[in-house]
Amino acid sequence: MRGFALSKDFALSKDFALSKDFRVAPGLFDFHARGGYSEIPANTVDRKPRPWGNLMPPQITILLVEDEPVVRLATRRKLEHFGYAVVTAENGLSAVQTALSLDQLDLILMDIDLGEGIDGTEAAGRILSSKTLPIVFHTSHAERDMVERVRNITRYGYVLKDSGDFVLQSSIEMALDLFSAHLAQNAATEAYKESESRYRSLFENRHTPMLVIEPETGTIVDANPAASLFYGYQHSQLVSMTIMQINVMTTEEIRSEMERARLELRNHFLFRHRLASGETRSVEVHSGPISYGGKTLLYSIIIDVTARTAAEEALARSEWTYRMLFESIPTGILHFSALGVITEVNAAFVTIVGSKRESLLGLDITTIPDKRIVPYFIEALSGKPSLYHGPYQTITGKKELFVRVRITPLPAGDRCNGGIAVVEDLTDEKHREDEREMIESRLRDEQRLSSVGTLADGIAHEVNNPLMAVINLAQLIVDRKTAEAPLAGEIIREGERIASIVRGLMTFSNNERYAQVEEISVQNLIEGVTALTGEIIRHDDIDLQVQLGEDLPTLACRPQQIRQVLLNLLTNARDAINTARNKHPLQGVITLRCIPVLHEQQAAVRFEVEDNGDGVPDQNATYIFDPFYTTKPGRKGPGLGLSVSWGIAREHGGLLTVSASSRGGAVFALTIPLKVKTENK
C-alpha cells in the first residue's frame with residue numbers, strides 16, 4: 001500500500017494518530033549548474049532549516065577558501081559588507097580542518113585552485129563526506145571540463161570571480177535558500193517513510209479487523225489479516241467483494257443507524273455483518289477518511305460486540321422486568337442514596353403517602369417532618385437493618401397513617417451505599433384491629449355488667465326479704481302506738497328508701513343486650529335511675545334537680561338500655577363537677593330533664609343531663625364518642641361509656657349529642673323516638 005497518506009482528521013485508533021499537517025512530499029531534488037534537479041540522499045541530513053519569518057535572521061557564517069591573499073582580503077570585505085560573518089582558509093587542508101571544527105557554519109565559498117596540497121574539489125569532497133553544507137565554487141575557470149568536474153561534488157552554485165558583487169551575493173543567497181528547502185524536503189520524506197512504515201505495521205499486525213473501502217461503490221480495497229480471520233475469507237476474496245455483501249442491514253436500516261449516531265454525537269455505527277460461514281455478528285464500526293493514490297477512501301475498524309450486545313439486551317430485559325415488578329408491586333418501595341436522598345419510589349409508595357413522585361425525589365429522609373421514623377433510617381445508613389411499626393405523618397402533613405417500614409441497607413464493600421425501604425400501609429388493618437378490640441372490650445364489659453347484674457339481683461333478693469321483715473316489724477310497732485312508734489316510723493322510711501335502692505338494683509340486673517322492646521313511662525325510667533344514683537350524687541354535695549315536662553308519653557324501648565345510658569350520663573356529670581372542684585370552689589348542680597320533641601319528623605322524647613363543671617373542650621368534642629377515648633385523670637374507666645351509650649341511641653333510632661351549657665358545663669342530650677323500629681332479636 002505504498003502512497004498512503006492519512007487525512008488530517010482521521011486517527012487509526014486511540015493508540016496513535018498521525019500529524020494533522022503530514023502530507024506526501026514530492027521527490028527531493030537539487031538545482032545544479034546546468035539546471036534541473038536530482039535527489040539528495042536522506043542520510044546526509046544532519047540539521048534542520050531555521051525559519052526566520054519576519055524576525056531578524058541570525059548572522060550567516062561563511063568559510064572563505066582562497067589561496068591568493070589579495071583576492072582573499074577583497075572577497076572577505078565584500079562578504080562582510082553583505083552582512084555575513086566570515087572565516088578564512090588559505091589552502092585545501094586548512095579548509096577541511098576549519099569546516100569540521102566550526103559549530104556554526106552555514107556556507108563554504110570555495111576556490112578550485114588552492115596551490116600546493118589538495119585543490120578545492122578534493123577539499124569539498126572530504127568536507128561533504130562528514131558534514132552536510134552548501135558549497136559554492138568561486139573560481140576563475142570557465143572551461144566546460146572544470147564545470148563537469150565539480151558538478152557531482154556540489155549543486156549549490158558555480159560563480160566566476162569577475163561576475164560582480166551582485167552575482168556573488170545573489171548566488172550565495174540562492175544557495176542558502178536552496179539548502180534550507182532541501183533540508184525541509186528531506187525531513188518530510190523521512191517522516192513520510194516512517195509514517196508509511198508505521199501505518200503498514202499497525203495495519204498488518206493489529207488483531208482488530210480493519211478494512212479500506214471505496215465509499216462510492218463500497219468496494220473493499222484492502223483488508224488486514226485480522227479481517228480475513230474474522231470474516232473467514234482469504235485476502236484475495238475480501239478485496240473482490242463489496243461491503244454490501246457483508247453488511248446484512250437494509251439501506252433504510254443503515255440510514256436510520258447513521259441518523260441515530262448523528263443525534264447521539266457518536267463517531268461509530270452498529271451494524272450486522274455476515275461471515276463466510278453464514279453466521280451474523282453484531283459489530284461496531286469506527287470509520288474515517290484516508291488518502292490513497294489521490295483518492296479519499298474509508299478506513300474502517302471493526303469491533304465484534306455480539307457478546308456485549310447480547311449482555312446489553314439481557315440487561316435491558318432485566319431492567320424492564322425489575323421496573324415492572326417495582327411499579328406493579330402493591331407494597332410501597334423507596335430507594336435512598338448513601339447521603340439519605342430519595343432517588344426512586346414506586347407507584348404504590350406515591351399512593352400510600354398521597355404525594356407526587358416529583359415532590360418526593362430528592363428529599364433528605366433524615367430531615368422529614370415526622371421525627372418518629374427518622375432514627376430508623378439513620379440506623380440503616382450506618383449499615384444496620386431496622387424495622388419501624390407505628391403511626392406516620394406524611395410529608396405533606398395531611399395524612400396520618402399506621403405503617404410498617406422495613407429498611408434494608410445496601411452494602412458496598414465496607415460502607416453503606418444507601419438502602420431500600422419497604423412500606424406497608426396498615427391503617428385499615430389498624431382500624432379493624434381497634435374495632436375488634438372495641439367489640440371484644442364491649443363483650444367483656446357486657447359480661448362484667450352481666451356478672452354485676454347477676455350479683456346485684458342476688459343481693460337484692462337476699463336483702464329484700466329481711467328488709468321486708470324489718471319494715472313489717474316496724475309497722476307493728478307503729479300500729480301499737482307505743483312510745484317507740486316515732487322511731488319505728490323512721491325505721492319504716494329508711495327501710496322503704498333501701499327498698500327503692502334494691503328495686504333499682506333488681507331493675508339493673510335485668511339488663512339484656514337484646515332485650516324485648518317494652519312500653520314504659522318516662523317517669524318510671526327516671527325514678528329507676530335516680531333511685532340508684534341520687535344518694536351517691538347527693539353524698540358528693542351535688543344538687544340533683546329533676547325537671548319533667550307535662551304529659552310525657554309512654555316510650556317504646558329497651559328500658560334497661562335507656563337506664564344504662566342515663567346512669568352513665570349522670571355519673572359522668574358527677575365526675576366532671578368533682579374534677580372542676582379540684583381546680584376551684586364550686587357548688588355542684590346536675591339537672592336531669594325530659595321533654596317531648598320531634599326527631600326526623602317522628603315524635604320523640606329528649607333526656608338532657610346538664611352539669612356546671614368545666615365543660616367539654618372543642619378539641620375533645622370530636623372524639624368524645626370514640627371507643628376508648630376518655631378525659632378522666634389517670635384514664636379511670638375504659639373509655640367505653642359514651643361509645644356504648646351512643647350505640648344504644650343509634651340502635652333505638654335516636655341520637656346522643658353534647659353541647660355547651662349556659663352555666664359553663666356540658667349538656668348531653670339523649671333523643672329517643674317513641675316507636676322503636678328495630679327488630680327484636
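When reading the values below, keep in mind they use all heavy atoms of this one structure, side chains included, and skip hydrogens, waters and symmetry mates.
- Considering only heavy atoms from C-beta on, Phe271 comes within 4.5 Å of Ile254 through its side chain.
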Quiz item: Where do Thr217 and Glu214 land on the side-chain hydrogen bond (donor to acceptor under 3.5 Å, both in side chains) test, with the steps shown first?
Solution: CA-CA 6 Å; Thr217 63; Glu214 207 288 322; 3.0 Å; yes

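- Enclosure of atom CD in Glu279 by more than 12 non-hydrogen atoms of other residues, nucleotides or ligands within 6.0 angstrom is indicated.
- A salt bridge is defined here as a Lys NZ or Arg NE, NH1 or NH2 lying under 4.0 Å from an Asp or Glu carboxylate O, and Glu327 with Arg357 meets this definition.
- Residue Lys356 qualifies as open at atom NZ: its count of foreign heavy atoms under 6.0 Å is 12 or below.
- When the side chain to side chain contact (heavy atoms under 4.5 Å, CB included) test is applied to Lys384, the partners found at least two apart in sequence or on another chain are Glu379, Ser382.
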If you look only at distance, which donor and acceptor atoms sit under 3.5 Å apart when one is on a side chain in residues 83-96 and the other is two or more places apart or in another chain?
from	atom 1	to	atom 2	distance (Å)
Asn91	OD1	Leu93	N	3.3
Asn91	OD1	Ser94	N	2.7

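- Only one option out of Lys161, Lys78, Arg76 pairs with Glu66 in a salt bridge (charged side-chain N to carboxylate O under 4.0 Å, His left out); it is Lys161.
- No donor-acceptor pair under 3.5 Å is formed between the side chain of Asp304 and the backbone N or O of Arg281.
- A heavy-atom distance below 4.5 Å is found between the side chains of Thr132 and Phe179.
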Quiz item: Checking side-chain hydrogen bond (donor to acceptor under 3.5 Å, both in side chains) for the pair His335/Thr343: CA distance, chi angles, key distance, verdict?
Solution: CA-CA 6 Å; His335 174 268; Thr343 59; 2.4 Å; yes

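- Leu133 has its side chain out of reach of Leu107: every pair of non-hydrogen atoms, C-beta onward, lies at least 4.5 Å apart.
- Note: Glu173 CD to Leu168 CG = 10.0 Å, rounded to the nearest 0.5 Å.
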N/O donor to acceptor pairs below 3.5 angstrom from side-chain atoms of residues 236-246, sequence neighbours left out:
from	atom 1	to	atom 2	distance (Å)
Gln237	OE1	Gln234	N	2.7
Ser240	OG	Ser236	O	3.4
Ser240	OG	Gln237	O	2.6
Gln245	OE1	Thr242	N	2.8

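- Side-chain atoms of Ser101 come within 3.5 Å of backbone N or O of Gln97 as a donor-acceptor pair.
- When all heavy atoms of Thr306 and Ser282 are compared, the pair lying nearest together is OG1-N, 3.0 Å.
- Side-chain contact between His286 and Tyr299 is absent, with no heavy-atom pair separated by less than 4.5 Å.
- Here His268 contributes atom NE2 and Ile302 contributes atom CD1; the two are 12.5 Å apart, rounded to the nearest 0.5 Å.
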